[in-house]
Visitor: 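Pasting in a structure now, in structure tokens, and then I'll have a few things to ask.
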Amino acid sequence: MTELVQTLEQMTAVLTSCGESFWSKKIASDLSLLQKGDNYGVERFLTYFGGMGSINDVWLCRVNGHSVPEERESETNAEFHRLRERAWKLARAAVANDS
């Protein structure tokens with residue numbers, strides 16, 4: 001679970017640094033639950049994937065109102081997507097281990 005917590009912390013940091021408050025607040029809330037030992041944070045985090053408007057649709061760029069320099073958009077999104085995929089895998093593994 002420590003690795004998932006660290007990954008969610010990194011995701012929140014990237015989102016916050018880009019001015020993406022909606023997703024950073026949601027993930028920070030889940031992170032808070034996990035840090036208190038409440039695994040509901042994992043279950044809720046997994047609900048953010050799939051469908052329109054999901055976390056899979058996040059693209060950090062100036063056009064979307066984020067504070068990302070245009071020359072860093074690709075790099076920033078690659079980092080966020082890497083973290084998102086890692087967090088998803090870790091969360092899925094955590095749920096499977098609880099079953």
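Everything quoted here is computed from the prediction, not taken from an experiment.
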Visitor: By side-chain hydrogen bond (donor to acceptor under 3.5 Å, both in side chains), which residues pair with Asn39, not counting sequence neighbours?
Guide: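 Scan of Asn39 (side-chain hydrogen bond (donor to acceptor under 3.5 Å, both in side chains), adjacent residues dropped) gives Asp98.
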Visitor: For Thr76 and Cys18, which heavy atoms make the closest approach, and how far apart are they?
Guide: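 Reported closest heavy-atom pair: CG2-SG, 3.6 Å.
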Visitor: Can you tell me how far the CG atom of Leu4 sits from the CZ atom of Arg92, to the nearest 0.5 Å?
Guide: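 Between atom CG of Leu4 and atom CZ of Arg92 there are 13.5 Å.
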Visitor: I'd like to check the side chain to side chain contact (heavy atoms under 4.5 Å, CB included) partners of Ser74; sequence neighbours left out, ordered by chain and number.
Guide: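 Here no residue qualifies.
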Visitor: To the nearest 0.5 Å, what is the distance between CD1 (Ile55) and CZ (Phe22)?
Guide: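 Rounded to the nearest 0.5 Å, the CD1-CZ separation comes to 9.5 Å.
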Visitor: Kindly write out the residues that satisfy side chain to side chain contact (heavy atoms under 4.5 Å, CB included) with Glu79, not counting sequence neighbours, or none if the list is empty.
Guide: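 Expected list: Val14, Arg82, Leu83.
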Visitor: Between OG1 of Thr2 and CG of Leu34, what distance do you get to the nearest 0.5 Å?
Guide: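 Result: 10.5 Å between the selected atoms.
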Visitor: What pairs of residues pass the salt bridge (charged side-chain N to carboxylate O under 4.0 Å, His left out) test when at least one of them lies in residues 66-75, not counting sequence neighbours?
Guide: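 Pairs touching residues 66-75 that pass the test: Arg72-Glu75.
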Visitor: Are side-chain heavy atoms of Trp59 and His81 found at a separation under 4.5 Å?
Guide: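 With C-beta onward as the side chain, the pair touches.
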Visitor: Apply the hydrophobic cluster definition, ILVMFWY joined by side-chain contacts under 4.5 Å directly or through others, and give me every member besides Val63.
Guide: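 Joined to Val63, directly or through intermediates: none.
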Visitor: In Å and rounded to the nearest 0.5 Å, what is the CE to CD distance from Met11 to Glu20?
Guide: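 Between Met11 CE and Glu20 CD, I get 10.5 Å after rounding to 0.5 Å.
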Visitor: Heavy atoms only: give me the nearest Ala91-Val42 pair and the separation to one decimal.
Guide: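 Looking at all heavy atoms of both residues, the shortest contact is O-CG1, 3.5 Å.
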Visitor: Nearest heavy-atom pair of Ser54 and Gly50: which atoms, and what distance?
Guide: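 Taking Ser54 first and Gly50 second, the nearest heavy atoms are CB-O, 3.2 Å.
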Visitor: Write down the atom of Trp88, the atom of Phe45, and the distance for their closest heavy-atom approach.
Guide: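 Closest pair (atom of Trp88, atom of Phe45, distance): N-CE2, 4.0 Å.
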Visitor: Roughly how far, to the nearest 0.5 Å, is CG of Asn77 from CZ of Arg84?
Guide: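 Answer for the CZ-CG pair, Arg84 versus Asn77, is 9.0 Å.
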Visitor: At what distance, to the nearest 0.5 angstrom, does CG of Leu60 lie from CH2 of Trp23?
Guide: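 These two atoms lie 12.0 Å from each other.
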Visitor: According to the side-chain hydrogen bond (donor to acceptor under 3.5 Å, both in side chains) rule, which pairs have a member within residues 25-35, sequence neighbours left out?
Guide: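 Residue pairs with at least one partner in residues 25-35: Glu9-Gln35, Ser29-Arg44, Asp30-Arg44, Asp30-Tyr48.
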Visitor: With side chains defined as the heavy atoms from C-beta onward, is the minimum distance between Thr16 and Ser24 less than 4.5 Å?
Guide: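 Touching, per the 4.5 Å side-chain cut-off.
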Visitor: Checking Glu85 now: which residues fulfil side-chain hydrogen bond (donor to acceptor under 3.5 Å, both in side chains) with it, not counting sequence neighbours?
Guide: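 For Glu85, no residue satisfies side-chain hydrogen bond (donor to acceptor under 3.5 Å, both in side chains) once neighbours in sequence are set aside.
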Visitor: Restricting to side-chain hydrogen bond (donor to acceptor under 3.5 Å, both in side chains), what partner residues turn up for Arg62, sequence neighbours left out?
Guide: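 side-chain hydrogen bond (donor to acceptor under 3.5 Å, both in side chains) list for Arg62, sorted by chain: empty.
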Visitor: Listing request: all salt bridge (charged side-chain N to carboxylate O under 4.0 Å, His left out) pairs with a residue in residues 34-43, at least two apart in sequence or in separate chains.
Guide: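 Those involving residues 34-43 do not exist here.
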Visitor: Among residues at least two apart in sequence or on other chains, which ones pass side chain to side chain contact (heavy atoms under 4.5 Å, CB included) with Ser17?
Guide: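 Once residues adjacent in sequence are excluded, Ser17 has no partner under the side chain to side chain contact (heavy atoms under 4.5 Å, CB included) criterion.
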Visitor: Hydrophobic cluster mates of Leu33, side-chain heavy atoms under 4.5 angstrom, ILVMFWY only, any path?
Guide: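 Joined to Leu33, directly or through intermediates: Tyr40.
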